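In this text, all values refer to a predicted model and were calculated from it rather than measured experimentally. The chain is numbered in sequence order, starting from 1.
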Amino acid sequence: MYRGREIRLRPNVPPDKRQEAAEILRGYYAHMAALDDCLDRLLATLDRAGIARDTIVVFTSDHGDMMLSQGLTTKLYPWDESIRVPFLLRYPRRLGSSRPGSKAQRIRAPLNSPDILPTLLGLCGIRAPSSVEGADWSQVIAGGEPPGDTGALITLAVPITEARRYGFAEYRGLRTARHTYVRSIRGPWLLYDNERDPYQMHNLCGKPEARDLQRGMDGALDRELKRRHDEFLPAAEYVKRAGLGHYGEVNVKVGRHPSPWGDWDSTLQPL
């Protein structure tokens with residue numbers, strides 16, 4: 001379907017990777033088109049069965065893919081191409097018409113993966129058990145105001161496979177509606193203003209003009225880690241606790257991948 005077609009690439013694909021990225025994306029877009037057809041069949045089946053108005057439909061994914069943005073492949077990284085995924089939700093009975101052309105609502109506040117379960121329960125009028133982690137966003141989806149400048153937690157507790165090949169150590173971070181801040185196990189690493197720099201090509205971490213922003217994001221990350229009881233320990237400790245030191249994924253040879261724009265570097269040191 002996309003063979004030979006011109007592919008528009010993101011500006012953060014380095015020049016020496018653009019031809020390769022275009023070829024990868026042709027296959028990727030073909031898979032997406034097939035998935036679109038499958039979703040259309042699903043929605044049409046709900047309509048024919050007469051249950052569309054009372055059915056919550058969610059379209060989402062577990063991760064993104066760099067597709068050679070920042071010169072990287074696959075997932076595991078804190079840049080938007082890897083961490084941002086679609087979360088489309090349709091529930092006509094409570095949220096309005098499902099007819100084509102009806103106006104959709106867009107919420108810019110980031111949603112954490114643990115928020116999905118309590119949010120779906122909230123839309124069903126069911127209170128989430130106290131043991132469930134995550135926030136209930138059902139009132140926000142129904143038209144309420146999002147709570148302040150909340151952030152989704154970004155986590156790589158244990159570098160595996162490609163993360164090791166590219167040389168990325170364990171990290172924690174926050175992605176708010178506007179900013180991304182990431183702290184490697186070795187210290188502050190990445191800071192982006194995603195409104196002014198949507199392709200994340202200008203790392204502000206350590207820059208004098210971003211000192212207050214970095215301090216505020218660092219404090220917010222500390223509070224989130226405390227709330228989640230995340231000690232942010234070295235990866236080796238988690239591997240030891242889980243008894244997974246023999247797995248190939250955690251023993252891949254460590255490599256290095258500096259920023260194509262010269263504003264960050266790999267953080268995992270070869271043994």
Colleague: For Thr176 and Arg178, indicate whether the former's side chain and the latter's backbone hold a donor-acceptor pair under 3.5 Å.
Modeller: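 The answer is yes, because a donor-acceptor pair under 3.5 Å joins these two groups.
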Colleague: Tell me whether the count of non-hydrogen atoms from other residues, nucleotides or ligands lying under 6.0 Å of CZ in Arg41 goes above 12.
Modeller: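 Check fails, neighbour count at 12 or below.
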Colleague: Of Trp79, Tyr77, Tyr181, which is the lone residue that meets ring-ring contact (aromatic ring centres under 6.0 Å, His included) with Trp189?
Modeller: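 Only one of Trp79, Tyr77, Tyr181 forms a ring-ring contact (aromatic ring centres under 6.0 Å, His included) with Trp189, namely Trp79.
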Colleague: If you look at every heavy atom in Ala157 and Glu170, which pair is closest and at what distance?
Modeller: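 In terms of heavy atoms, the two residues are closest at O-CB, 3.5 Å.
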Colleague: Between the side chain of Thr119 and the main-chain N/O of Trp137, is any donor-acceptor distance below 3.5 Å?
Modeller: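 Yes, the answer is positive, given that a donor and an acceptor are paired below the 3.5 Å cut-off.
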Colleague: Classify the side-chain pair Tyr166/Thr73 by whether it contains a donor and acceptor separated by less than 3.5 Å.
Modeller: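 Thr73 and Tyr166 do have a side-chain donor-acceptor pair below 3.5 Å.
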Colleague: How close do Gly167 and Ser266 get, counting heavy atoms only, and between which atoms?
Modeller: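 Closest approach of Gly167 to Ser266, heavy atoms only: O-CB, 3.1 Å.
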Colleague: Is there a donor-acceptor pair under 3.5 Å between the side chain of Tyr238 and the backbone N or O of Leu233?
Modeller: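 Looks like yes, one N/O pair under 3.5 Å.
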Colleague: Mind running side chain to side chain contact (heavy atoms under 4.5 Å, CB included) on Ile107 and Ile141 for me, showing each step along the way?
Modeller: CA-CA 8 Å; Ile107 300 172; Ile141 291 174; 4.0 Å; yes
Colleague: Out of curiosity, Thr60 OG1 to Leu89 CG, how far, rounded to the nearest 0.5 Å?
Modeller: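 The OG1 atom of Thr60 sits 10.0 Å away from the CG atom of Leu89.
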Colleague: When rounded to the nearest 0.5 angstrom, what is the spacing between NZ in Lys75 and CG in Asp65?
Modeller: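 So the gap between those two atoms works out to 9.5 Å.
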Colleague: Step by step, work out the side chain to side chain contact (heavy atoms under 4.5 Å, CB included) result for Arg256 and Asp265.
Modeller: CA-CA 8 Å; Arg256 177 173 176 255; Asp265 206 334; 2.6 Å; yes
Colleague: Within the supplied structure, the quantity of interest is the number of heavy atoms (other residues, nucleotides, ligands) at a distance under 6.0 Å from Glu6 CD; does it exceed 12?
Modeller: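 No.
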Colleague: Give the C-alpha distance, both sets of side-chain angles, the deciding distance and a yes or no for side chain to side chain contact (heavy atoms under 4.5 Å, CB included) between Leu213 and Leu191.
Modeller: CA-CA 9 Å; Leu213 172 62; Leu191 177 61; 4.1 Å; yes
Colleague: How about NE2 on His31, more than 12 heavy atoms from neighbouring residues, nucleotides or ligands closer than 6.0 Å, or not?
Modeller: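 Count not over threshold, so no.
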Colleague: Tell me whether Gln19 at atom CD has more than 12 heavy atoms from other residues, nucleotides or ligands lying less than 6.0 Å away.
Modeller: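 Not buried by this count: 12 neighbours or fewer within 6.0 Å.
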Colleague: Side chain of Gln70, backbone of Gln200: donor and acceptor closer than 3.5 Å?
Modeller: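 Checking the backbone N and O of Gln200 against the side chain of Gln70, a donor-acceptor pair under 3.5 Å is found.
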Colleague: Decide side chain to side chain contact (heavy atoms under 4.5 Å, CB included) for Arg53 and Arg93; before the verdict, give the C-alpha distance in whole Å, the side-chain angles of both, and the deciding distance to 0.1 Å.
Modeller: CA-CA 5 Å; Arg53 280 186 56 77; Arg93 173 70 66 183; 3.8 Å; yes
Colleague: What are the two closest heavy atoms between Asn194 and His179, and how far apart are they?
Modeller: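 Here Asn194 and His179 meet closest at ND2-C, 3.3 Å.
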Colleague: State the OG1-OH distance between Thr161 and Tyr247, to the nearest 0.5 angstrom.
Modeller: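 Between atom OG1 of Thr161 and atom OH of Tyr247 there are 14.0 Å.
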Colleague: Do any N or O atoms from the side chain of Glu81 and from the backbone of Gly64 form a donor-acceptor pair under 3.5 angstrom?
Modeller: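 The answer is no, because no donor-acceptor pair under 3.5 Å joins these two groups.
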Colleague: Which atoms form the tightest heavy-atom contact between Asp47 and Ala52, and what is the distance?
Modeller: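 Heavy atoms of Asp47 and Ala52 come nearest at OD1-CB, 3.1 Å.
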Colleague: Give a yes or no on this: more than 12 heavy atoms of other residues, nucleotides or ligands lie within 6.0 Å of atom CZ of Arg18.
Modeller: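 It does: Arg18 CZ has more than 12 such atoms within range.
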Colleague: Taking all non-hydrogen atoms of both residues into account, name the closest pair between Thr180 and Met217 and its distance.
Modeller: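 Looks like C-CE, 4.5 Å.
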Colleague: Using only atom types and a distance under 3.5 Å, with no angle test, would you say the side chain of Ser184 pairs donor to acceptor with the backbone of Arg186?
Modeller: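 Pair found, side chain donor or acceptor close to backbone of Arg186.
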Colleague: Out of curiosity, Glu133 CD to Leu117 CG, how far, rounded to the nearest 0.5 Å?
Modeller: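 Rounded to the nearest 0.5 Å, the CD-CG separation comes out at 11.0 Å.
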Colleague: Please name the residue in the list Val252, Val239, Leu76, Asn251 that meets the side chain to side chain contact (heavy atoms under 4.5 Å, CB included) test with Ile160.
Modeller: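 The passing option is Leu76.
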Colleague: Working to the nearest 0.5 angstrom, can you tell me the gap between Ile185 CD1 and Thr267 OG1?
Modeller: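 These two atoms lie 10.0 Å from each other.
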Colleague: Keeping Asn203 on the side-chain end and Trp264 on the backbone end, is there a donor-acceptor pair under 3.5 Å?
Modeller: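 Pair absent, no side-chain N/O of Asn203 close to backbone of Trp264.
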Colleague: Main chain of Ser69, side chain of Asn12: is a donor-acceptor contact present, judged purely on distance under 3.5 Å?
Modeller: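 Flag not set: sc Asn12 to bb Ser69 has no pair under 3.5 Å.
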Colleague: Spell out, as yes or no, whether a donor-acceptor pair under 3.5 Å connects the side chain of Asp136 to the backbone of Ser138.
Modeller: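 Flag set: sc Asp136 to bb Ser138 pair under 3.5 Å.
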Colleague: Mind checking whether His257 and Phe168 have parallel, tilted or perpendicular rings, split at 30° and 60°?
Modeller: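 Perpendicular: the ring planes of His257 and Phe168 meet at over 60°.
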Colleague: For Phe232, does the CZ atom have more than 12 heavy-atom neighbours from other residues, nucleotides or ligands under 6.0 Å away?
Modeller: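 More than 12 heavy atoms, drawn from other residues, nucleotides or ligands, come within 6.0 Å of this atom.
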Colleague: Between Val13 and Met67, what is the shortest heavy-atom contact and its length?
Modeller: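 For Val13 versus Met67, the nearest heavy atoms are CG2-O, 4.3 Å.
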Colleague: Taking Met201's backbone N and O only, do any of them form a donor-acceptor pair with Asp197's side chain (distance below 3.5 Å, no angle check)?
Modeller: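 Yes: the side chain of Asp197 pairs with the backbone of Met201.
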Colleague: To the nearest 0.5 Å, how far apart are CG in Leu190 and OG in Ser259?
Modeller: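 Here the interatomic distance stands at 9.0 Å.
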